Peer 1: 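Quick one: the structure is below, and I'll ask about it shortly.
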Amino acid sequence: MFRFIFILLLGLSTTASANINKEQLNKLNVGALLVKDMTNNKMLYSKEAFKQLKPASLTKVMTVLVAIEQGNLERPVTITYEMIQVEPTIAGYKPGDVIRLKDLIMAAMIKSDNDAAKSIGIAVGGTEKRFVEMMNAKAKAIGMKNTHFTNPCGFDNPQHFSTPSDLLKMTEYAIKNKYFNDISKKNQHTYYSVNGKKKFLAYTHNRLLNQYQYAVGVKTGYTSKAGPCLIARAKKNGKDCLIVMMNSKEDRWKTAKQIFEQVFVSKVVKNG
């Protein structure tokens with residue numbers, strides 16, 4: 001009797017599998033969408049993975065990554081006129097302000113400040129052009145085969161493009177860095193200039209960090225040509241999920257949350 005029950009249980013043994021509703025996702029009005037189960041290293045959903053699109057401020061993941069890996073993050077950076085010749089969003093630096101590199105990194109990542117991103121580029125690369133070369137070299141080194149950057153901010157340019165697949169590779173590489181992860185999950189960061197003690201506040205545009213308790217990053221982006229973009233990561237009950245969403249006509253926060261909840265609720269799969 002016990003042997004029969006044991007065999008029956010083996011036949012009905014179950015495994016947990018993400019309950020992704022692909023038909024529902026197919027109906028979403030988004031330019032591209034990738035959903036990856038990081039726990040099992042499994043792609044759960046893919047739409048236009050290799051389409052070249054404008055990445056907007058998702059670019060800044062590479063910008064801060066290059067800066068972080070370069071090191072010397074405590075060093076002061078003197079803001080120049082060239083560094084602030086950008087469009088909003090901006091922190092509002094003035095020429096002569098001295099800001100630590102680590103604070104520029106946080107401002108670029110958390111609030112997506114373009115003056116912070118350009119300042120990083122010029123400070124780390126010596127020139128913006130040289131820094132962009134560093135960004136492209138790093139992209140190539142980590143396998144981003146269909147990506148080309150022209151600026152550290154993510155401004156639209158015909159030669160500034162990436163694919164969802166490449167952005168996923170970039171993010172998977174970046175989240176292996178603890179410093180990067182600590183920044184990407186912050187809601188805000190208050191900092192001061194080294195000279196003059198001016199106060200600056202960087203607050204996140206990533207509503208998931210304020211509205212969804214399992215969100216742990218990563219980056220938002222938007223331009224009029226790129227549309228709303230999002231790289232989002234959430235972790236719940238030992239499960240880890242990463243989403244890349246580009247040119248979304250949907251509510252990206254609501255959509256990402258719904259996808260995460262689908263992934264985190266497992267369905268039963270019979271092995272017998």
Side-chain angles (χ1 to χ4, degrees), residues 31-32 34 49-70 83-91 101 104-125 127-175 177 180-181 183-184 202 204-206 217-233 242-248 252:
L34 298 181
F50 304 105
K51 184 176 181 179
Q52 288 186 353
L53 295 165
K54 300 181 186 302
S57 285
L58 303 185
T59 299
K60 293 188 178 82
V61 171
M62 180 60 76
T63 301
V64 303
L65 184 61
V66 170
I68 290 169
E69 292 190 342
Q70 175 267 347
M83 292 175 177
I84 60 174
Q85 297 310 296
V86 293
E87 300 172 0
T89 303
I90 59 172
L101 180 58
L104 294 174
I105 290 171
M106 291 190 188
M109 189 67 190
I110 298 169
K111 187 172 169 240
S112 208
D113 285 324
N114 290 315
D115 47 3
K118 187 162 185 175
S119 297
I120 290 169
I122 295 173
V124 173
T127 65
E128 184 176 359
K129 180 180 178 181
R130 173 56 187 149
F131 185 77
V132 170
E133 291 173 355
M134 294 167 67
M135 293 172 67
N136 285 319
K138 188 64 183 182
K140 183 177 180 180
I142 62 178
M144 298 172 69
K145 298 180 180 179
N146 296 294
T147 294
H148 186 263
F149 299 116
T150 64
N151 64 85
C153 301
F155 294 139
D156 291 331
N157 182 295
Q159 296 303 313
H160 191 97
F161 57 82
S162 189
T163 67
S165 178
D166 276 3
L167 293 174
L168 183 67
K169 287 180 183 178
M170 175 183 71
T171 307
E172 288 185 275
Y173 179 88
I175 62 178
N177 186 298
F180 176 89
N181 277 333
I183 295 171
S184 70
T204 187
H205 295 286
N206 188 344
V218 175
K219 188 73 187 74
T220 65
Y222 174 82
T223 68
S224 59
K225 293 182 179 179
C229 302
L230 177 67
I231 300 174
R233 186 187 184 196
L242 195 60
I243 296 172
V244 177
M245 188 187 314
M246 301 184 74
N247 194 19
S248 175
R252 52 184 158 163

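As the structure is a prediction and not an experimental result, all values here were calculated from the model.
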Peer 1: Donor-acceptor pair, D115 side chain versus A91 backbone, under 3.5 Å?
Peer 2: yes
Peer 1: Does T204 reach the side chain of T220, with side-chain heavy atoms less than 4.5 Å apart?
Peer 2: no
Peer 1: Looking only at non-hydrogen atoms, find the nearest pair between P164 and A32 and report the distance.
Peer 2: CG-CB, 3.4 Å
Peer 1: Check whether D113 reaches the backbone of A116 with its side chain - one donor and one acceptor, N or O, closer than 3.5 Å.
Peer 2: no
Peer 1: In Å and rounded to the nearest 0.5 Å, what is the OG1 to CZ distance from T150 to F155?
Peer 2: 10.0 Å
Peer 1: Just by modelled atom types, is the F149 backbone N or O under 3.5 Å from a matching donor or acceptor in the N136 side chain?
Peer 2: yes
Peer 1: Could you pull out the closest heavy-atom pair between L34 and S165, with the gap in Å?
Peer 2: CD1-N, 3.7 Å
Peer 1: Answer whether the closest heavy-atom distance between the side chains of F180 and V61 falls below 4.5 Å.
Peer 2: yes
Peer 1: Between N146 and T163, do the side chains contain an N or O donor and an N or O acceptor separated by less than 3.5 Å?
Peer 2: no
Peer 1: Could you go step by step and tell me if T147 and K169 meet the side-chain contact (heavy atoms from CB on, under 4.5 Å) rule?
Peer 2: CA-CA 11 Å; T147 294; K169 287 180 183 178; over 6 Å; no
Peer 1: Among S112, S184, C229, whose side chain to side chain contact (heavy atoms under 4.5 Å, CB included) with K219 holds?
Peer 2: S112
Peer 1: Are the side chains of V124 and R130 in touch, meaning some heavy atoms are under 4.5 Å apart?
Peer 2: no
Peer 1: Please determine which of L168, L242, I175 meets the side chain to side chain contact (heavy atoms under 4.5 Å, CB included) test together with I231.
Peer 2: L242
Peer 1: Answer whether the closest heavy-atom distance between the side chains of I183 and V64 falls below 4.5 Å.
Peer 2: no
Peer 1: Give the C-alpha distance, both sets of side-chain angles, the deciding distance and a yes or no for side-chain contact (heavy atoms from CB on, under 4.5 Å) between I120 and V66.
Peer 2: CA-CA 9 Å; I120 290 169; V66 170; over 6 Å; no
Peer 1: Can you give me the closest heavy-atom contact between L101 and Q70, atom names plus distance?
Peer 2: CD2-OE1, 3.8 Å
Peer 1: Would you mind telling me which of E133, M144, E69, M170 makes a side chain to side chain contact (heavy atoms under 4.5 Å, CB included) with K138?
Peer 2: E69
Peer 1: Is the shortest heavy-atom distance from the side chain of I243 to the side chain of L230 under 4.5 Å?
Peer 2: no
Peer 1: Starting at CG of D156, measure out to OG1 of T223 and round the result to the nearest 0.5 Å.
Peer 2: 3.5 Å
Peer 1: Can you see which heavy atom on K54 is nearest to which on M246, and at what distance?
Peer 2: O-CE, 3.5 Å
Peer 1: Give me the atom names and distance for the closest heavy-atom approach of A117 to C153.
Peer 2: CB-SG, 3.9 Å
Peer 1: Examine the side chains of T59 and H160 and answer whether a donor and an acceptor come within less than 3.5 Å of each other.
Peer 2: yes
Peer 1: Using distance alone, with no hydrogens and no angle criterion, decide if K60 and N114 have a side-chain donor and acceptor under 3.5 Å apart.
Peer 2: yes
Peer 1: Apply side-chain contact (heavy atoms from CB on, under 4.5 Å) to residues I105 and I68 and explain how you reach the verdict.
Peer 2: CA-CA 8 Å; I105 290 171; I68 290 169; 4.1 Å; yes
Peer 1: Looking only at atom types and distance, does a side-chain atom of H205 sit under 3.5 Å from a main-chain N or O of K111, one as donor and one as acceptor?
Peer 2: yes
Peer 1: Can you tell me how far apart OH (Y173) and CE (M62) are? Round to the nearest 0.5 Å.
Peer 2: 8.5 Å
Peer 1: Test side-chain contact (heavy atoms from CB on, under 4.5 Å) on T171 and R233; report intermediate values, then the result.
Peer 2: CA-CA 10 Å; T171 307; R233 186 187 184 196; over 6 Å; no
Peer 1: Atom CG of L65 and atom CD1 of I142: how far apart are they, to the nearest 0.5 Å?
Peer 2: 6.5 Å
Peer 1: Could you tell me which non-hydrogen atom of L104 sits nearest to which non-hydrogen atom of S119, and how far apart they are?
Peer 2: CD1-CB, 4.0 Å
